[in-house]
Amino acid sequence: MNHNILGEGTRYYPEYWGSEAQNAFLETLQEGLQQAPFFVPRMPRTNQPWSIRMSNLGPLGWVSDKSGYRYQPTHPETSAPWPQIPQMLIDLWRDVSGCPADPECCLVNYYDKPKAKMGLHQDRDEQAFEAPVVSLSLGDSAVFRMGGPKRRGPTQSMKLHNGDVFVFGGAARLHYHGLDRILYGSSQALAAYPAFAEGGRLNLTLRRVSPIA
DNA sequence: TAGTGACT
DNA sequence: TTGA
């Protein structure tokens with residue numbers, strides 16, 4: 001029996017965006033990040049820093065620090081509101097999410113170092129599990145791992161590449177997932193942008209946070 | 001630049 | 001414990 005990572009509730013759109021769309025978006029993202037600079041998230045309680053850098057766009061941003069995980073309307077270091085979610089991402093959400101309500105958060109994870117990764121976890125801080133999580137990959141390819149509803153249990157890995165969109169909703173909405181590692185230097189897509197001069201991988205995840213009326 | 005992948 |  002060959003249980004497939006692309007099971008019920010997940011959808012994979014290889015190279016959803018070509019280079020023209022990517023470049024238009026990266027330009028906009030770079031501007032947004034001037035108002036919401038990357039910060040280093042930390043583990044609750046231990047305060048241990050993560051290997052990635054993070055920012056957000058939209059009315060709500062997801063943050064993790066010593067006091068826990070939460071969504072909040074402002075940047076944790078500057079206290080400024082997060083920049084707007086670019087229209088290109090709203091359009092992407094409307095195209096692939098199947099959700100009648102627009103996203104409220106775009107979490108921007110920047111895997112900027114060769115060793116950057118993220119352990120297996122659930123996205124469960126939202127109040128609208130009927131809306132999917134929509135993930136866009138830009139830059140270096142990465143080894144993504146998808147599991148099931150419990151932390152222990154079978155997992156499967158797949159590569160995500162520059163421009164790919166991965167959607168997990170339905171039965172997969174609360175499934176464990178993580179990022180084993182990036183294939184550092186595998187893409188030049190970020191090279192022209194000073195904000196992403198280190199290269200690496202950007203992952204943008206669109207989420208609905210509050211209940212859908 | 002493999003692929004693996006559960007336990008504390 | 002979205003880490004080690």
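Numbers restart at 1 for each chain; the letters A, B, ... are given by sequence-line order, proteins then strands. Just so it is clear, the structure is predicted and the values come from calculations on it, not from any experiment.
Contact annotation: A:Tyr69 reaches the phosphate of C:dT2 (side-chain N/O to OP1 or OP2, under 4.0 Å). OP1 or OP2 of C:dT1 has not a single side-chain nitrogen or oxygen of A:Thr46 nearer than 4.0 Å. For the OP1/OP2 pair of B:dC7 and a distance below 4.0 Å, the side-chain nitrogens and oxygens of A:Arg152 include at least one atom meeting the criterion. Close to B:dA6, at under 4.0 Å from its OP1 or OP2, lies no side-chain N or O of A:Lys150. An OP1 or OP2 oxygen of C:dA4 is reached within less than 4.0 angstrom by a side-chain nitrogen or oxygen of A:Gln48.
Nearest heavy atoms, A:Asp140 versus A:Tyr184: OD2-CA, 3.3 Å. In terms of heavy-atom proximity, A:Gln22 sits nearest to A:Ala189 at OE1-CB, 3.9 Å. When every heavy atom of A:Val209 is checked against every heavy atom of A:Glu104, the shortest pair comes out as N-OE1, 2.7 Å. Counting all heavy atoms, side chain and backbone alike, A:His121 lies closest to A:Met118 at CE1-SD, 3.5 Å.
Within the nucleic acid shown, A:Ser186 comes within 4.0 Å of at least one base atom, counting heavy atoms only. A:Asp180 comes within 4.0 angstrom of a nucleotide base, judged by non-hydrogen atoms across all strands. Using a 4.0 Å heavy-atom distance criterion, A:Asp125 is classed as a base contact. As judged by a 4.0 angstrom heavy-atom cut-off over every strand, A:Leu120 is placed among residues touching the sugar-phosphate backbone only. Counting any heavy atom pair closer than 4.0 Å across all strands shown, A:Gly178 reaches no nucleic acid atom.
For DNA chain B, there is no stem of at least three Watson-Crick or G-U pairs with distances under 3.5 Å.
The interatomic distance linking A:Arg151 (CZ) with C:dG3 (P) rounds to 8 Å, in whole Å. C:dT2 atom P lies 10 Å from atom CZ of A:Arg45, rounded to whole Å. A straight line from CD1 of A:Ile52 to P of C:dT2 spans 12 Å, rounded to a whole angstrom. Here the P atom of nucleotide C:dT2 and the CE atom of A:Met146 are 15 Å apart, to the nearest Å. Put simply, NE2 on A:His121 is 8 Å from P on C:dG3, counting in whole angstrom units. If you measure from atom CZ of A:Arg53 to atom C1' of C:dT2, you get 18 Å, rounded to the nearest angstrom. With rounding to whole Å, A:Gln156 atom CD is found 8 Å from B:dT4 atom P. Atom P of nucleotide C:dT1 and atom CZ of A:Arg70 are separated by 17 Å, given to the nearest angstrom.
You'll find that the side chain of A:Met43 is closest to C:dT2, out of C:dT2, B:dT1, B:dA6. Side-chain atoms of A:Leu183 lie closest to B:dT1 of the nucleotides C:dT1, B:dA6, B:dT1. For A:Trp50, the side-chain atoms get nearest to C:dT2 when compared with the rest of C:dT2, B:dT1, C:dT1.
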### Task
Could you walk me through whether A:Trp62 and A:Asn56 pass the side chain to side chain donor-acceptor pair (under 3.5 Å) test, one step at a time?
CA-CA 7 Å; A:Trp62 189 87; A:Asn56 288 273; over 6 Å; no
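Distance alone, capped at 3.5 Å, places no donor-acceptor pair between the A:Asp180 side chain and the A:Phe144 backbone.
With a 6.0 Å cutoff to the six-membered ring centre and a 45° limit on the axis angle, A:Arg201 counts as a cation-pi contact of A:Tyr111.
Put simply, the side chain of A:Pro86 reaches to within 4.5 Å of the side chain of A:Leu57, judged on heavy atoms.
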